[in-house]
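Structure, as structure tokens:
Sequence positions, counted from 1, serve as the residue numbers for this chain. Fair warning: this is a prediction, and the values are worked out from it, not measured in the lab. Order of appearance sets the numbers: ligands from 1, and atoms from 1 within every ligand.
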Amino acid sequence: MNKNYQNLSFKDFENMEGLDLHQTAQEFSNYIEDWDGRDHWNYRQESLSGCKPDLDVMHKGILYKNCVGLVFNDYLGFTNHPKVKQAAIEAIERYGVGAAASPAIGGHMSYHRQIEEKIAEFFKRDSAMIYTTGYTANSATIQALLKKEDLAILDEGVHASMWEGAQMTNLIKFPHNNMDRLERALKESQGNYRNRMVIIDGVYSQQADIALLDQIVKLCKHYGAYLAMDDAHGIGVIGKNGRGVIELYDLYQEVDIITGTFSKTFGHLGGYVIASPNIIKYLQFQSRQHIFSVTATPASACILKSIDLIDEEPFWKDKLWENINYLKNGLIGMGFDLGNTQSAIIPVMTGNPNLNAEACHLLMKAGVYANQIGYPAVPKKRARIRMSIMATHSLEQMDKLLNAWDWVDRQLLITKKNNINNGDTKKEEQEMERRGN
Ligand SMILES: Cc1ncc(COP(=O)(O)O)c(C=O)c1O
């Protein structure tokens, strides 16, 4: 085993030749300790404050007070909105705290039906179904709809849950947002499969950019393919009324399967799928994760309030975009590379896993809590610090953040691009494809 842990990633511990379960776990533990010894391990840090723009974080026994929180996809701040919290409390008073059976056999409550009706209406559609998480909404829906006679054509940037859903069918990918390559895939696969489904995100969680939905819809229609889109990061953020990428292009009726999560803008937990009434009926009885698993607890009735608030309190989205633009201008002004962000996700490219980890560590010292994203989520050369902006961040917090980045850059010279790229991007991309990242 190579003991230079700095050059390894999670992937190297997935399937270790010749080692049993305990030996593998021991090796992985050594790897974590090595990273931790350099203060480069920042996963599973403990928030003592919930999802706040200003929070206390505990890490390795050290308390970091009043950090600017940039790790929450709570874009409009609804996790702590008094009306959303009140709705959860009232629902718990009425229904108790659990659903206690899967929806098919007793655990289908009136608040479940209300959420389904409301989220369908939110997208100007007729029918929806909820799942326990956004991850399940994607993986379970695709798994139920596409079989070995079918083909899934995925943008390479889609979320891991879509890749998981496509494991039981045939699968090809096209480079992110590359319409020529999508068209080639559609053309070449014509006549070979029973159903073909193009699978995209609305906003891409790592690239932070937006699907070319108008072109994709046209291609799908032309080549007779279905279209599924997960806009987990677009809802509440994109479109005049916060309906996401589907509103931006005014294509409400053109996407066959819309999926999403209640864990980001809606401030809670759970997933949804929106489709024709017949497809929803089919999923209600054919989707294993729906019929064999309990779904949303009564606290989830708070989602009914957060859906309303998107229309009732549009100023949250305006404030969010003020923050996004303020931060983007500041960081670009300092010379940082933010990729092609078009959303509330702001990536700062560092291009090197160790530099990435060091930047994250220094940011924390300066009172800024952000996520490091590296291989295998993105190739090593595209390592980045990812920040999710919230409407509830204050201008003072944005300034604290900009000052922290200035301080980090003076030490690590990220904007001078003097970092060493130690990644083999092509090989990594192939591996990421195999893993379904
Ligand atoms: C694009 C996208 N889809 C789906 C999910 C999964 O949603 P959840 O965390 O609610 O299961 C995520 C989560 O990060 C995501 O980024």
Side-chain angles (χ1 to χ4, degrees), residues 43-44 47 51 69-76 78-79 115 119 123 128-143 152 154-167 173 176-177 198-211 213 216 227-238 243-246 255 257-274 287 289-290 293-297 299-300 302-303 306-307 339 341-347 370-373 376-378 384 386-390 432 436-437:
Y43 296 90
R44 291 178 66 95
S47 163
C51 311
L70 294 152
V71 294
F72 306 117
N73 306 309
D74 180 17
Y75 298 121
L76 302 182
F78 287 175
T79 60
I115 296 170
I119 195 69
F123 287 105
M129 187 176 113
I130 58 171
Y131 280 99
T132 315
T133 65
Y135 190 103
T136 321
N138 285 341
S139 56
T141 300
I142 303 303
Q143 192 187 325
L154 296 96
D155 183 296
E156 67 181 358
V158 296
H159 190 255
S161 48
M162 287 295 200
W163 291 96
E164 183 175 317
Q167 292 306 304
K173 67 156 194 170
H176 175 53
N177 262 344
V198 173
I199 299 179
I200 59 171
D201 283 0
V203 167
Y204 285 84
S205 56
Q206 303 303 349
Q207 292 82 356
D209 61 355
I210 286 176
L213 187 60
I216 295 170
L227 177 59
M229 179 171 81
D230 167 17
D231 202 10
H233 294 274
I235 304 307
V237 178
I238 306 292
R243 267 56 174 176
V245 171
I246 212 161
V255 179
I257 311 284
I258 302 170
T259 60
T261 177
F262 294 119
S263 70
K264 303 193 192 299
T265 284
F266 295 118
H268 186 63
L269 177 79
Y272 56 85
V273 53
I274 289 160
S287 179
Q289 294 79 351
H290 187 73
S293 183
V294 176
T295 192
T297 72
S300 302
C302 70
I303 293 165
S306 34
I307 295 175
T341 174
Q342 297 173 289
S343 64
I345 301 166
I346 311 250
N371 273 325
Q372 52 168 316
I373 307 286
V378 294
R384 66 202 57 184
R386 190 173 77 162
M387 300 181 289
S388 294
I389 311 306
M390 292 159 69
M432 287 164 62
N437 288 69

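Aromatic ring pairs are classed by plane angle as parallel below 30°, tilted from 30° to 60° and perpendicular above 60°; the pair Tyr272 and Phe266 is perpendicular.
Of all protein heavy atoms, the one closest to atom 16 (O) of ligand 1 is His233 NE2, 2.7 Å. The single protein non-hydrogen atom nearest to atom 14 (O) of ligand 1 is Lys264 NZ, 2.9 Å, given as residue, atom name and distance. For atom 15 (C) of ligand 1, the nearest protein heavy atom (residue, atom name, distance) is His159 CD2, 3.2 Å.
Using a distance-only test at 3.5 Å, with no hydrogens or angles considered, no donor-acceptor pair links the side chain of Asn371 to the main chain of Arg386.
Atoms of ligand 1 lying under 4.0 Å from any heavy atom of Ser263, numbered from 1 in the order shown and given with element: 8 (P), 9 (O), 10 (O). Listed by number with element, the atoms of ligand 1 under 4.0 angstrom from any heavy atom of Asp230 are 1 (C), 2 (C), 3 (N), 4 (C). Within ligand 1, the atoms closer than 4.0 Å to a non-hydrogen atom of Thr261 are 7 (O), 8 (P), 10 (O), numbered from 1 in the order shown. Near Asp201, the atoms of ligand 1 lying under 4.0 angstrom from a non-hydrogen atom of the residue are 1 (C). Of all atoms in ligand 1, listed by their number and element, those nearer than 4.0 Å to a heavy atom of Ala232 are 1 (C), 2 (C), 3 (N).
At least one N or O atom of Gly134, backbone or side chain, sits closer than 3.5 Å to an N or O atom of ligand 1.
Atom 7 (O) of ligand 1 has its nearest heavy-atom neighbour, among Tyr131, Tyr135, Phe262, Phe266, in Tyr135.
Looking at Asn138 against ligand 1, only its side chain comes within 4.0 Å, counting heavy atoms.
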| said: Does Asp231 form a side-chain contact (heavy atoms from CB on, under 4.5 Å) with Ile246? I'd like the steps, not just the answer. | reply: CA-CA 8 Å; Asp231 202 10; Ile246 212 161; 5.8 Å; no

